[in-house]
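Here is the structure we will look at.
Model, not experiment: these values are computed from the prediction. Each residue takes its place number in the sequence, starting with 1.
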Amino acid sequence: MSAHTKPTMIRLSKLFPESPTVHRYLDGLSGLEIGGSAHNAFGVDTLNVDFTDDLNTVYKRAEVQLCGEAMTVEIMAPGDAIPLPDKSVDFVLSSHVIEHIWDPIGAIQEWRRLARKYVIVVCPQRHALGSDADKPLSDYHELHQRHVGEIPPPAKDTHEHYSRWTARTFLQMCERNGFRVLEAVDPDDKVGNGFLFVLDASDGEGESVTFLLYSKQELPTKPSEDPTQHWTVTEGPGITRFNCLPWAPYCPDSMIPEKVGQLFGLAYLVPFQAGLGLELRLRVTIPEGMTCRFEISGFTTRYQRAFAVVDASGKCVDIGDELLACEVDREPTGSFELRVRFRSPLTTSEWVYVFFNAAGTAISWPRVLGLALHSLDANPNHRLFESAVEVGESTWFAVQAAFFFRNYFHFEFELHRPGAELVSLALIPPVEVTGVRWTTGAAVAHDGQGLTPERTSYPLRAPALMEQFGPQMASAGHCVHGLLAEFTDLQYLGSSQTDELRNFRIRARFSDATEMELPLCPDHLPSWPARWEQIMKHLKPMGGGRFLEVGGRGENSEAVRAKLGPEWEYVALDIHPGPNVDLVGDAHRLSELLPPRSVKVVYSFSAMEHFLAPWRFVVEANRVMCMGGLFIAGVPVSWPLHAEPWDFWRMSDHAWPALLNANTGFELLETGVYGRSSILPFLPAHKGRIRAQYDPAYETTFAIARKIGESTAQREAYDVNWMADRYEREIPL
């Protein structure tokens, strides 16, 4: 029978309740069910596919015994080889079948070939069948070998349980094969002895974003007999959740939410992108006597201060200072929409929590009606991690950390080759090393050669791969670390000796026999001078004119002069004469040195930290700039003291809006940071200081701004005579 012309065939379950999740996705659609049964029907429009229409099999006899009848078979075909055209049905539904198929990866590929919208798979828990209890979980490497034919199927298909998973290992199989998970329910919301996965079959159509669920099987779900006590999620595909704490009556009295001060709620796994502002919109009902706490996991914040607390009246009673804003609107139904704005410093997938506090007085249950995300920026201004680069053909690589302390070395990197597994990794050091270890957040099909991979219980972030390939790569990072065989204090080595340490490399081999050597201190990582292409995008439309570099002494400034074309009149200003300097003078008094509105571009790199009053310099720059001219500057965030005693300031990227604004006559076009650093205290005497190495400490911040008007700011608090000393090298001998 053709799936295009089939009559409506909705069979109601004879024994078990139907799945709310399945109805939410599949009502109004038509599709296939693989190995359907009358006692456990799903109540949606399907044709039943089975490898036989014989009603005397052990499965059909059990079906009749359970409910008095067996579901008829409309299409007789193997479950993983169905003779229908591509995208000929809306969905494929399979419950407690895929474990009987020798090649489950191929089966899901076949179902995705047939379905236009969804593939829904229900699998048994590993202990659902007594005979499975003592058998190991199916190893992904073995499943892959089955799929590619390296392990052939049995000569006779006995339809036994060939595979066993937990929800986590089934998710890993989906991630590795690019099967996009829209929702996971563990345990499933039908029989309850398995877990349910909703997979996207649309081949990338639409704009939904995958949110992957790592659920905890031991956390029971709340009974749904009372609709006021049933948690729901947004209708849009992608957002998934699980209950954070056990529900009554499955838990001891001390955990019952009605008890005073007891927190309970939901958690969502959400992908964040560095520098990208998000608005998270939460729709909830909050009964009298309860409060709702909306919290972004501290692992994607700077100081665990991204939360908002709303009471039953809709008032925001507390807000963390890392949130950009929190707004609450009451809807006509009496529910609330809570809108929280947040800009993550990291690219990572992390948890967002919705907690409720019963406070001992609640007489009804809250409901979470949906969580949605909206981007505030079309294009984030900056990234705080390095992007992945393609090395060789179709291999993506990024180094996120490479540092040395005494004789300890540590490299964090990302490596991915779509369609192939990483099977071996070896370190190629420039000097003798010892105690080398390889820790990884990704599953590795290790072939026993090279370093031995050690899975870590902590996520090893892979931000570059996540931005390139999606949230499923969020924790696929690698780390290689160890010791130099001879104790070394780097401060006693010359620059040529320390530069030698940059020659650490790795040799990686993949399952498709691809092998390559990769540098762990790559030269492609950008710095501010190397971002000239970024600057030129702003310069080219201007057509040329006077380009003033402030602090233009030395070889770095000579390189700037060389990069500019003949259409630019380059002028280097410095407070002292020297190589490359055209004009000697004080940057705080530019308007005394140059005519008003005579400069197209004011450029300064690593100079403003030496200005006693950088705000005065900004105002002076405005006075000499043409309307529409550009102010381009970079300033250290964390960098050793230098040119003392004339080293006054370090700035974060948040300083630029305070310096370049309508009052000073500018609009900011772009800001950002680059060059990641780590603050490592030698004597962590104060509480929490030992964790300082994880806090943000970038090398430099930069800004590009356009003049839009004359400055009205009065920033005259400056006198060069306040500094009595001069540069140390100029003190007379």
Margin query: Checking side-chain polar atoms at under 3.5 Å, does T300 have a donor or acceptor matched by the opposite partner on S344?
Written below: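 Looking only at side-chain atoms, S344 and T300 do form a donor-acceptor pair, the distance falling under 3.5 Å.
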
Note to self: When you compare the side chains of D574 and H576, does any donor N or O come within less than 3.5 Å of an acceptor on the partner?
What the structure shows: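 No pair is found: no donor N or O on one side chain lies under 3.5 Å from an acceptor on the other.
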
Considering all heavy atoms, the nearest [X]-[Y] contact:
| X | Y | answer |
| --- | --- | --- |
| F611 | A587 | CZ-CB, 3.7 Å |
| N622 | G709 | ND2-O, 3.0 Å |
| L460 | G441 | CD1-N, 3.6 Å |
| S297 | E350 | OG-OE1, 3.4 Å |
| A388 | A464 | N-CB, 3.4 Å |
| E414 | P463 | OE2-CD, 3.3 Å |

Margin query: Would R706 and F631 count as a cation-pi pair here, with the cationic atom under 6.0 angstrom from the ring centre and within 45° of the axis?
Written below: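 No.
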
Ion pair check, [X] and [Y], cut-off under 4.0 Å:
| X | Y | result |
| --- | --- | --- |
| E279 | R281 | yes |
| R623 | E620 | yes |
| R339 | D329 | yes |
| R283 | E331 | yes |
| D586 | R616 | no |
| R341 | E327 | yes |
| R650 | D647 | yes |

Margin query: Using the rule given for ring-ring contact (aromatic ring centres under 6.0 Å, His included), can you reason through F294 versus F307, listing the C-alpha separation, both sets of side-chain angles and the distance that settles it, and then say yes or no?
Written below: CA-CA 6 Å; F294 185 85; F307 65 88; over 10 Å; no

Notebook entry, point to check: Sub-3.5 Å donor-acceptor pair from the side chain of T498 to the main-chain atoms of S495, do we have one?
Noted result: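 Between the backbone of S495 and the side chain of T498 there is a qualifying donor-acceptor contact (under 3.5 Å).
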
If you take the centroid of each ring, where Trp contributes its six-membered ring, are [Y] and [X] closer together than 6.0 Å?
| X | Y | value |
| --- | --- | --- |
| F404 | F411 | yes |
| H610 | F648 | no |
| F504 | F409 | yes |

Check: Does some side-chain heavy atom of R553 sit less than 4.5 Å from a side-chain heavy atom of P579?
Finding: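 Yes, side chains in contact.
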
Next item on the list: With the side chain counted from C-beta on, respond yes when F617 and V602 share a heavy-atom pair under 4.5 Å apart, and no when they do not.
Entry: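 Result yes, sub-4.5 Å side-chain heavy-atom pair found.
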
Notebook entry, point to check: N580 and R561: side-chain hydrogen bond (donor to acceptor under 3.5 Å, both in side chains), yes or no, with the steps?
Noted result: CA-CA 9 Å; N580 197 59; R561 184 191 294 267; 2.8 Å; yes

